[in-house]
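These notes are about the structure you will find just below.
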Amino acid sequence: MSTIVIASGGTGGHLYPTIAVAEAIRDSHPEIRIVFVGTKNRIESREVPRLGFEFFPIEIAAPGRSLGSLAKFPLQYYKAFRRSKQILEEVNAEVFLGGGAYLSVPVAFAAKRRGIPIALLEINAVAGRANRVIAKDATKIFVSYKESITQFPSGVEALTQVIGTPVRDGILKPIDVATARSHFGLDPNRKTLLVFGGSLGARSLNAAMKACAQSFLDAGMNVIWQTGSSENADALRSQYADPSRICIREFISEMPEAYAASDLVVCRAGASTLAEISTLGKPAILIPYPLAAMNHQEKNAIAYRERGAALVITDSAIAAELSGAVRSLMGDDATRATMAKKMLASENITARNVVADYLIAQLRI
């Protein structure tokens with residue numbers, strides 16, 4: 001049996017584009033074995049098995065800046081590298097895909113040691129450190145934005161292909177709006193706001209929502225609110241008397257339904273999220289994560305604002321500006337419709353198949 005190994009995770013932004021690729025492979029070649037490598041205490045350890053793929057954990061984290069963290073890193077990396085070699089040998093891996101998370105580094109170098117082709121997927125306009133470290137050993141580099149190409153080491157330009165960001169096929173499945181709202185127990189006849197800060201949550205966004213969610217309900221909206229693991233969703237849910245108006249969860253796995261239910265999305269500006277909402281043409285209020293590497297989320301968000309597809313609020317201004325921005329846009333159907341048209345992009349739809357086809361071509365089928 002031919003086997004493809006994928007190392008990705010840490011956040012949904014890194015994980016879901018590689019899952020989109022894996023699903024494309026499974027759809028066209030169900031006989032191919034697909035194995036994910038990730039960390040055991042992050043999103044990949046839950047989502048990968050839930051979606052029907054094999055998962056092998058390793059223990060690795062990006063080195064911190066403290067002396068203690070730096071001192072521990074060499075031994076931690078060596079253990080992760082040794083475990084990665086064992087996994088690749090055990091599953092008889094023939095090709096490797098790195099999704100950009102730091103956990104992909106030891107797996108990639110273990111693949112290099114075994115002479116396995118290495119493909120990389122870089123979804124941000126600012127190339128991540130992990131992919132830049134691996135790039136010189138890659139046989140192919142797929143990027144979402146042409147701006148990232150110059151950030152890789154010299155000599156790899158010929159290996160690089162701009163494809164957009166892979167999105168899961170399920171995101172595109174047609175779902176009736178009323179059915180989608182009813183799925184979350186909401187009034188199917190009310191406009192619906194979708195709010196999420198990523199799989200880990202966003203403390204500033206959650207704090208702002210605590211202050212203004214009731215005002216959204218009073219204005220006649222439904223609210224779907226993913227809090228992430230940083231909040232107790234059950235405790236928050238108990239504060240609202242009418243469950244047919246607000247759905248609060250720590251994590252939403254049914255994102256196709258959540259998107260279909262929504263008239264407006266409030267979210268971070270990670271590349272994976274932006275790929276999904278642009279593929280669907282969803283008007284958005286973007287709250288860039290201020291600590292993102294090289295401030296790439298702000299750069300992502302500004303690009304969407306400049307084309308008229310989104311409103312951008314800085315993380316520091318969210319408490320003061322979120323309520324008014326949401327109420328204004330939800331009350332202006334024409335502006336939301338214009339934003340939706342400018343948000344819509346089609347290049348991401350084929351990206352997953354481009355990566356999948358390359359990986360399949362490396363196998364001894």
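No experiment lies behind these values; they were computed from the predicted model shown.
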Shortest non-hydrogen contact from [X] toward [Y]:
X: E254; Y: F184; answer: O-CZ, 3.8 Å
X: D315; Y: S204; answer: OD1-OG, 2.5 Å
X: I123; Y: G13; answer: CD1-O, 3.0 Å
X: A202; Y: G197; answer: CB-CA, 4.0 Å
X: I224; Y: A261; answer: CD1-CB, 3.9 Å
X: A135; Y: V156; answer: O-CG1, 3.8 Å

Between V167, I171, L344, which is the residue that forms a side-chain contact (heavy atoms from CB on, under 4.5 Å) with L280?
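Among V167, I171, L344, the one that satisfies the side-chain contact (heavy atoms from CB on, under 4.5 Å) with L280 is I171.
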Pick out which of D357, N353, I34, V355 makes a side-chain contact (heavy atoms from CB on, under 4.5 Å) with V21.
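Testing each of D357, N353, I34, V355 against V21, the sole residue satisfying side-chain contact (heavy atoms from CB on, under 4.5 Å) is V355.
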Find the distance between [atom1] ([X]) and [atom2] ([Y]) and round it off to the nearest 0.5 Å.
X: S316; Y: E321; atom1: OG; atom2: CD; answer: 8.0 Å
X: R42; Y: H14; atom1: CZ; atom2: NE2; answer: 10.5 Å
X: S215; Y: M221; atom1: OG; atom2: CE; answer: 7.0 Å
X: Y16; Y: S272; atom1: OH; atom2: OG; answer: 8.5 Å
X: R190; Y: N222; atom1: CZ; atom2: CG; answer: 7.0 Å
X: Y304; Y: L286; atom1: OH; atom2: CG; answer: 8.5 Å

State plainly whether one hydrophobic cluster holds both [X] and [Y], where clusters connect Ile, Leu, Val, Met, Phe, Trp and Tyr through side-chain heavy atoms under 4.5 angstrom apart.
X: I252; Y: V265; result: yes
X: V48; Y: V95; result: yes
X: V326; Y: M343; result: no
X: Y289; Y: M209; result: no
X: I318; Y: L236; result: yes

Do [X] and [Y] make a side-chain contact, defined as non-hydrogen atoms from C-beta onward lying under 4.5 Å apart?
X: S84; Y: I58; answer: yes
X: L322; Y: C212; answer: yes
X: Y77; Y: F109; answer: yes
X: R245; Y: V223; answer: no
X: L311; Y: R305; answer: no
X: M255; Y: L194; answer: yes
X: I141; Y: N131; answer: no
X: L120; Y: L97; answer: no

Is the count of non-hydrogen atoms from other residues, nucleotides or ligands lying under 6.0 Å from [X] atom [atom1] greater than 12?
X: Q161; atom1: CD; answer: yes
X: K85; atom1: NZ; answer: yes
X: E59; atom1: CD; answer: no

Does [Y] offer a backbone N or O that forms a donor-acceptor pair with the side chain of [X] under 3.5 Å?
X: S2; Y: L363; result: no
X: N124; Y: A127; result: no
X: E122; Y: V143; result: no
X: K282; Y: L264; result: no
X: Q226; Y: I248; result: no
X: T179; Y: I175; result: no
X: S182; Y: A178; result: yes
X: S45; Y: K40; result: yes
X: T18; Y: L15; result: yes
X: E157; Y: G155; result: yes

Residues which pass side-chain hydrogen bond (donor to acceptor under 3.5 Å, both in side chains) with Q214, listed by chain and number, not counting sequence neighbours
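Q214: side-chain hydrogen bond (donor to acceptor under 3.5 Å, both in side chains) contacts with D218.
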How would you list all residue pairs meeting salt bridge (Lys or Arg N to Asp or Glu O under 4.0 Å) that involve residues 172-184, not counting sequence neighbours?
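Passing the test, one end in residues 172-184: K173-E257, R181-D263.
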Give a yes-or-no answer on whether the side chains of S8 and E44 include a donor-acceptor pair shorter than 3.5 Å.
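The criterion, which ignores hydrogens and geometry beyond distance, is not satisfied for E44 and S8.
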Does either side chain, that of T227 or that of N206, offer a donor lying less than 3.5 Å from an acceptor on the other one?
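N206 and T227 do not have a side-chain donor-acceptor pair below 3.5 Å.
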Run the salt-bridge test on [X] and [Y] with the 4.0 Å N-O cut-off and return the result as yes or no.
X: D137; Y: R113; answer: no
X: R352; Y: D27; answer: yes
X: E231; Y: K210; answer: yes
X: R364; Y: E94; answer: yes

In a check of side-chain hydrogen bond (donor to acceptor under 3.5 Å, both in side chains) between S144 and each of T165, N348, N300, which one passes?
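The side-chain hydrogen bond (donor to acceptor under 3.5 Å, both in side chains) with S144 is passed solely by T165 among T165, N348, N300.
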Test salt bridge (Lys or Arg N to Asp or Glu O under 4.0 Å) applied to R237 - qualifying residues, sequence neighbours left out:
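With neighbours one apart ignored, the set is D234.
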Tell me which pairs pass ring pair (Phe, Tyr, Trp, His ring centres under 6.0 Å) where either residue lies in residues 205-235, with sequence neighbours left out.
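Ring pair (Phe, Tyr, Trp, His ring centres under 6.0 Å) check on residues 205-235 returns no pairs.
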Could you give all pairs that pass the ring pair (Phe, Tyr, Trp, His ring centres under 6.0 Å) test and reach residues 135-156, with sequence neighbours left out?
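As it turns out, the ring pair (Phe, Tyr, Trp, His ring centres under 6.0 Å) pairs with a partner in residues 135-156, which skip direct neighbours, are F142-Y358.
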Go through E54 and R33 one step at a time and tell me if the salt bridge (charged side-chain N to carboxylate O under 4.0 Å, His left out) criterion holds.
CA-CA 9 Å; E54 294 182 71; R33 184 182 184 185; 2.6 Å; yes
Can I4 and V35 be said to form a side-chain contact (heavy atoms from CB on, under 4.5 Å), step by step?
CA-CA 6 Å; I4 296 170; V35 170; over 6 Å; no
For F81 and V107: C-alpha separation, side-chain torsions, deciding distance, then whether side-chain contact (heavy atoms from CB on, under 4.5 Å) applies.
CA-CA 6 Å; F81 173 70; V107 193; over 6 Å; no
side-chain contact (heavy atoms from CB on, under 4.5 Å) assessment of M339 paired with R307
CA-CA 9 Å; M339 291 172 67; R307 78 189 203 197; over 6 Å; no
Who are the ring-ring contact (aromatic ring centres under 6.0 Å, His included) partners of F36, not counting sequence neighbours?
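Testing F36 for ring-ring contact (aromatic ring centres under 6.0 Å, His included), a comparison that skips the adjacent residues, returns F53.
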